[in-house]
Amino acid sequence: MEYKNPLGVDIDLETGVIPGAKKLVRRLSDLKGYFVDEKAYEELLKENPVVYEVYAVEQEEKDGDLNFATTVLYPGKVGREFFFTKGHYHSKADRAEIYYGIKGKGGMLLQTPEGKAEWIEMKPGTVVYVPPYWAHRTVNTGDEPFIFLAVYPADAGHDYGSIAEKGFSKLVVEENGEVRIVDNPKWKE
Ligand code: 6PG
Ligand code: NI
């Protein structure tokens, strides 16, 4: 039997950085078609800000093993919509996931393949259980980076297709200074 080595790393709780992790950067240009207000999107694209960064420690895609990653989701809006991660189902759709809030303020939008949506607010210390089959997207509703840890099966994979095409049935927007969950006018089942 070949055993893997255990590993302990310290997440920088101020910046979300995991030393030695693989870093992924998503800019606004990587999120084309994701936001409802296309005019606001084109306008902000001139600056093309970083929307989020992911620091991932990943294993081979084998069942039984675990990956973990922090995400640093920056504050901002496109029109009335708060900055968010792309959102995905897992390629192995029955793989669940755990999130843990580290810094800042936001929430998670979850959705079944039939379009039933749920919104769960997150702050430092919040644990979110993402059940099998639910798509998940995080949203920064605050004015500082929203940082969280995700732990997920090593063989879960990411299926971005359906969310990239259809989005979520709900949007997270600012209305009169408040966070509101509203119907997505472009949602089609
Ligand atoms: C995962 C996690 C999480 C997620 C990031 C970026 O399954 O790996 O849900 O690490 O990937 O928060 O979000 P997107 O993958 O939707 O861009
Ligand atoms: Ni996931």
Side-chain angles (χ1 to χ4, degrees), residues 9 11-12 15-18 20-35 48-76 78 81-113 117-124 126-142 145-172 184:
V9 286
I11 297 169
D12 184 322
T15 63
V17 173
I18 305 178
K22 191 184 73 188
K23 181 180 180 182
L24 179 94
V25 179
R26 294 272 187 233
R27 288 186 174 271
L28 191 67
S29 52
D30 298 311
L31 291 162
K32 190 169 169 54
Y34 276 81
F35 292 94
N48 197 17
V50 173
V51 179
Y52 58 102
E53 292 155 344
V54 180
Y55 297 90
V57 177
E58 294 187 330
Q59 311 296 328
E60 274 171 82
E61 289 194 19
K62 287 193 178 144
D63 74 349
D65 214 343
L66 293 172
N67 292 339
F68 62 94
T70 51
T71 301
V72 182
L73 177 53
Y74 289 96
V78 176
E81 263 185 293
F82 291 104
F83 275 12
F84 53 58
T85 55
K86 286 182 168 188
H88 58 270
Y89 292 92
H90 290 145
S91 307
K92 288 210 167 110
D94 66 350
R95 296 315 196 241
E97 183 163 359
I98 293 289
Y99 277 61
Y100 180 72
I102 291 176
K103 197 170 195 272
K105 159 179 156 284
M108 189 190 291
L109 201 52
L110 298 99
Q111 178 165 305
T112 65
E118 292 274 347
W119 168 250
I120 298 181
E121 280 184 22
M122 290 177 70
K123 59 182 196 294
T126 306
V127 175
V128 180
Y129 164 61
V130 181
Y133 302 108
W134 287 75
H136 40 288
R137 159 183 289 168
T138 41
V139 184
N140 186 341
T141 56
F146 171 38
I147 303 175
F148 51 86
L149 173 73
V151 182
Y152 48 102
D155 65 347
H158 300 91
D159 173 8
Y160 292 101
S162 135
I163 297 296
E165 244 174 69
K166 306 201 312 187
F168 281 73
S169 61
K170 300 281 181 185
L171 308 177
V172 185
N184 179 357

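Ligands are counted one by one from 1 in listed order, and the atoms in each one are counted from 1 as well.
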Check step by step if side-chain contact (heavy atoms from CB on, under 4.5 Å) holds for Y152 and E58. CA-CA 10 Å; Y152 48 102; E58 294 187 330; 3.1 Å; yes
Notebook entry, point to check: Between D159 and S91, does a side-chain contact (heavy atoms from CB on, under 4.5 Å) hold up when you go through it step by step?
Noted result: CA-CA 5 Å; D159 173 8; S91 307; 4.2 Å; yes
Next on the checklist: Determine whether F35 and F84 satisfy the following criterion, ring pair (Phe, Tyr, Trp, His ring centres under 6.0 Å), listing intermediate values before the conclusion.
Outcome noted: CA-CA 9 Å; F35 292 94; F84 53 58; 4.2 Å; yes
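No side-chain donor from either of E121 and T126 sits under 3.5 Å from a side-chain acceptor of the other.
The side-chain contact (heavy atoms from CB on, under 4.5 Å) test with I147 singles out one residue from N140, I102, V17, L73, and that residue is I102.
Taking only non-hydrogen atoms, the option from Y99, F68, Y52 nearest to atom 17 (O) of ligand 1 is Y52. When the heavy atoms of E53, H88, R26 are ranked by distance to atom 11 (O) of ligand 1, first place goes to H88.
To the nearest 10 degrees, the Ni ion (ligand 2) sees NE2 of H90 and OE1 of E97 at an angle of 80°.
When non-hydrogen atoms are compared, ligand 1 lies under 4.0 Å from the side chain of H136 (C-beta onward) but not from its backbone. Contacts with ligand 1 closer than 4.0 Å are made by no heavy atom of Y89, backbone or side chain.
Residue contacts to the Ni ion (ligand 2): H88 brings an N, O or S atom closer than 2.8 Å.
The closest approach between any non-hydrogen atom of G87 and ligand 1 is below 4.0 Å.
Here the heavy atom of the protein found nearest to atom 2 (C) of ligand 1 is E97 OE2, 2.7 Å. What sits closest to atom 15 (O) of ligand 1 on the protein, heavy atoms only, is Y160 OH, 2.5 Å. If you check which protein heavy atom lies closest to atom 5 (C) of ligand 1, you get T71 OG1, 3.3 Å. In terms of protein heavy atoms, atom 13 (O) of ligand 1 is closest to T85 CB, 3.5 Å. When hydrogens are left out, the protein atom nearest atom 8 (O) of ligand 1 is H158 NE2, 2.7 Å; that is the closest non-hydrogen contact.
Within ligand 1, counting atoms from 1 as listed, the ones closer than 4.0 Å to a heavy atom of F148 are 12 (O). Here is the list of ligand 1 atoms found below 4.0 Å of a heavy atom in H90: 7 (O).
Under a cut-off of 6.0 angstrom, the local environment of NZ in K123 is sparse, with at most 12 non-hydrogen atoms contributed by other residues, nucleotides or ligands.
A perpendicular orientation is assigned to the rings of H136 and H88, their planes being inclined by more than 60° (bins at 30° and 60°).
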